[in-house]
Amino acid sequence: MIELKGIKKRWVINYSLVVVIVMVFVEGIFLFLITNYYYNNIEQNLLNEATVITGFFNKYLTSDILGYENNAKEIIEGYSFDEYLEVQALDLEGNIIFNSSGFKRKELVTSQDFVKALTGDIGSWMGEDLNTGEAIMAVSSPIKDKGEKIVGILRFVTSIEGAKYMIGKWFLFSIIIFFIVIIIISILSTVFTTTIINPIKEITDAAKNITRGKLDVKIKKAYNDEIGYLADTINNMASKLSEVQEMKNDFISSISHELRTPLTTIKGWSETILTGDLTDKEETKTGLKIIIKETERLTNMVEELLDFARLESGRISLFFSKINLKKELDETIYIFEGKAKKKGVEIVYTDYKNNIFIEGDKSRIRQVFINILDNGIKFTESGNKIFISIHEESKKVVVEFKDQGIGISKDEIDNIKEKFYKVNPNKEGSGLGLAISNEIIKLHGGQLDIDSKVGEGTKVKITLLKENN
Ligand code: ADP
């Protein structure tokens with residue numbers, strides 16, 4: 001016995017069973033019609049004979065019972081009947097007075113056809129011959145004296161064994177067809193379900209491997225359909241996961257590297273101070289200052305990391321309020337003017353006539369401005385400029401930072417917003433700034449776009465929704 005499970009089971013129930021039910025139904029109707037056809041034909045023949053002979057009798061018969069009994073034999077013998085047909089002349093009790101086959105019958109006829117004929121109508125009946133056990137059909141027709149009083153019954157009997165045999169053949173034929181269809185359905189079902197089940201098994205195995213951390217799976221795409229699409233999706237997911245894995249590893253090595261530099265400096269200066277026996281006050285002071293600065297750098301980095309993790313997992317809530325975006329930009333620029341000047345970078349700010357209000361988190365927005373402007377100064381050589389502007393565009397606010405710095409190549413630009421990504425891993429910074437900024441702007445329903453050309457500079461464009469929009 002084939003075990004039916006899962007999709008196969010559902011398929012058999014939903015499809016094969018329906019086909020089987022329909023087949024049984026259609027074949028049932030077919031057999032019913034065939035049976036009716038054969039029996040109706042025979043009955044019609046008997047009825048025709050009965051009508052003709054009874055008409056003949058009713059026309060020429062002498063008008064009493066005696067006349068019927070005498071005439072019956074004569075007429076039946078004189079008439080040439082079909083050889084399969086037996087004509088019986090019955091009296092009103094059901095005794096067979098005469099029989100065309102010459103076969104002596106002693107039985108008393110009581111069948112339905114006879115009973116019906118006694119009421120004056122033609123009756124028909126199917127049953128068994130009492131003598132031979134053969135299947136027969138009989139039609140009985142009343143003979144009426146002057147069209148009124150019933151004087152006798154003429155009964156026409158024929159064997160229906162032939163018809164039964166034919167019907168049996170049709171039945172067998174139907175059963176054979178039925179089994180052929182069942183076999184075809186089974187083959188088709190198996191073929192069809194395997195084309196579904198096998199790929200699903202493969203996909204399941206692949207998913208299990210992914211769960212176990214084996215990410216180099218590649219599912220063969222056998223069909224270009226929903227299952228093929230699923231295979232593609234899983235393959236895609238595996239490669240994405242593997243990318244994330246790689247990035248995580250990269251991050252760990254980059255963060256370790258990032259942490260090692262200040263730690264080395266701290267350790268170095270601590271040892272210097274210790275071996276110097278704290279006698280050189282100036283050296284001790286310088287050393288301690290550097291230690292404090294490096295510790296701050298470490299703290300900042302850790303803060304940034306935590307910040308990003310929280311932002312990305314949505315565990316941080318922004319405090320929205322109505323803020324003056326232009327004022328935030330003004331103040332950020334003011335703070336950075338000193339630093340830019342020191343490096344020889346000029347900030348060119350195109351002031352906007354109006355205040356522009358947005359619904360946002362003040363300190364987070366400020367954080368974004370600081371990060372972008374800081375990058376701008378960091379990656380722009382002395383003597384070059386940074387252009388900053390803010391303006392309204394119908395329901396939106398656009399803030400642009402355009403520097404004449406080193407620029408970012410096309411390949412890098414897509415990664416720049418990813419966490420921990422740095423074009424030059426040896427430069428300072430965690431590679432988190434833009435990722436955090438991008439996240440913050442997204443949480444504000446805005447957009448952060450970066451456009452850059454190596455050697456020409458970088459443009460960072462922030463688009464936010466104005467208040468009450
Ligand atoms: P970081 O904190 O290291 O600056 P960011 O996410 O802010 O991290 O920036 C990621 C990388 O993108 C930087 O390391 C730098 O290589 C590149 N980058 C960012 N801004 C600029 C810019 N204005 N010009 C050139 N390169 C930039």
Side-chain angles (χ1 to χ4, degrees), residues 244 247-248 250-262 293-294 296-312 329 332-333 335-337 339-340 342-349 364-389 398-443 446-462:
V244 170
M247 231 159 74
K248 206 173 81 186
D250 282 354
F251 162 66
I252 291 174
S253 56
S254 101
I255 207 81
S256 313
H257 179 84
E258 223 54 64
L259 292 172
R260 202 167 48 200
T261 320
K293 207 177 140 227
E294 290 300 309
E296 266 169 6
R297 216 174 111 191
L298 278 177
T299 314
N300 281 343
M301 245 166 73
V302 172
E303 282 302 329
E304 238 182 348
L305 266 174
L306 285 174
D307 208 24
F308 182 76
R310 278 193 228 111
L311 267 173
E312 223 198 16
L329 184 64
T332 313
I333 293 168
I335 293 167
F336 273 87
E337 224 130 44
K339 187 173 178 183
K342 228 164 138 189
K343 202 184 164 185
V345 174
E346 188 190 342
I347 295 180
V348 184
Y349 180 33
R364 290 290 176 186
I365 289 287
R366 177 81 74 112
Q367 188 182 348
V368 174
F369 288 165
I370 288 173
N371 184 263
I372 292 167
L373 193 46
D374 193 37
N375 275 346
I377 296 169
K378 200 157 67 182
F379 296 104
T380 303
E381 299 296 327
S382 167
N384 288 332
K385 294 173 182 168
I386 300 176
F387 300 92
I388 304 173
S389 71
V398 179
V399 184
E400 273 181 6
F401 299 83
K402 198 162 158 278
D403 64 48
Q404 296 179 323
I406 58 168
I408 309 160
S409 74
K410 271 223 147 22
D411 305 338
E412 322 259 35
I413 225 153
D414 292 333
N415 300 319
I416 223 90
K417 284 197 262 176
E418 291 287 338
K419 45 192 173 291
F420 314 125
Y421 192 86
K422 301 198 300 183
V423 175
N424 179 357
N426 298 324
K427 269 235 172 208
E428 72 170 291
S430 60
L432 280 168
L434 281 176
I436 293 177
S437 300
N438 188 44
E439 210 61 42
I440 291 173
I441 295 300
K442 272 205 300 202
L443 286 171
Q447 203 177 322
L448 188 148
D449 300 299
I450 301 169
D451 194 12
S452 186
K453 242 194 188 140
V454 177
E456 282 185 23
T458 306
K459 188 171 94 177
V460 181
K461 181 176 161 187
I462 296 170

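This is a predicted model, so every value here is computed, not measured. As the structure lists them, so they are numbered: ligands from 1, and atoms in each ligand from 1.
- Here's the thing with N375: one of its N/O atoms is less than 3.5 angstrom from an N/O atom of ligand 1.
- Remark: side-chain polar atoms of D403 are not paired, donor with acceptor, to backbone N or O of I386 under 3.5 angstrom.
- Some N or O of L434 is nearer than 3.5 Å to an N or O of ligand 1, by distance alone.
- Within the 4.5 Å cutoff, side-chain heavy atoms of V399 are placed close to those of F369.
- Proximity to N371 (heavy-atom distance under 4.0 Å) selects the following atoms of ligand 1: 7 (O).
- Residue contacts with ligand 1 leave out E412, since none of its heavy atoms falls under 4.0 Å from the ligand.
- At a heavy-atom cutoff of 4.0 Å, ligand 1 is contacted by the backbone of L432 but not by its side chain.
- V454 places none of its side-chain heavy atoms less than 4.5 Å from the side chain of I408.
- Ion pairing between K293 and E296 fails under the 4.0 Å rule for side-chain N and carboxylate O.
- Under the 3.5 Å distance criterion, the side-chain polar atoms of Q404 are matched with a main-chain donor or acceptor of K385.
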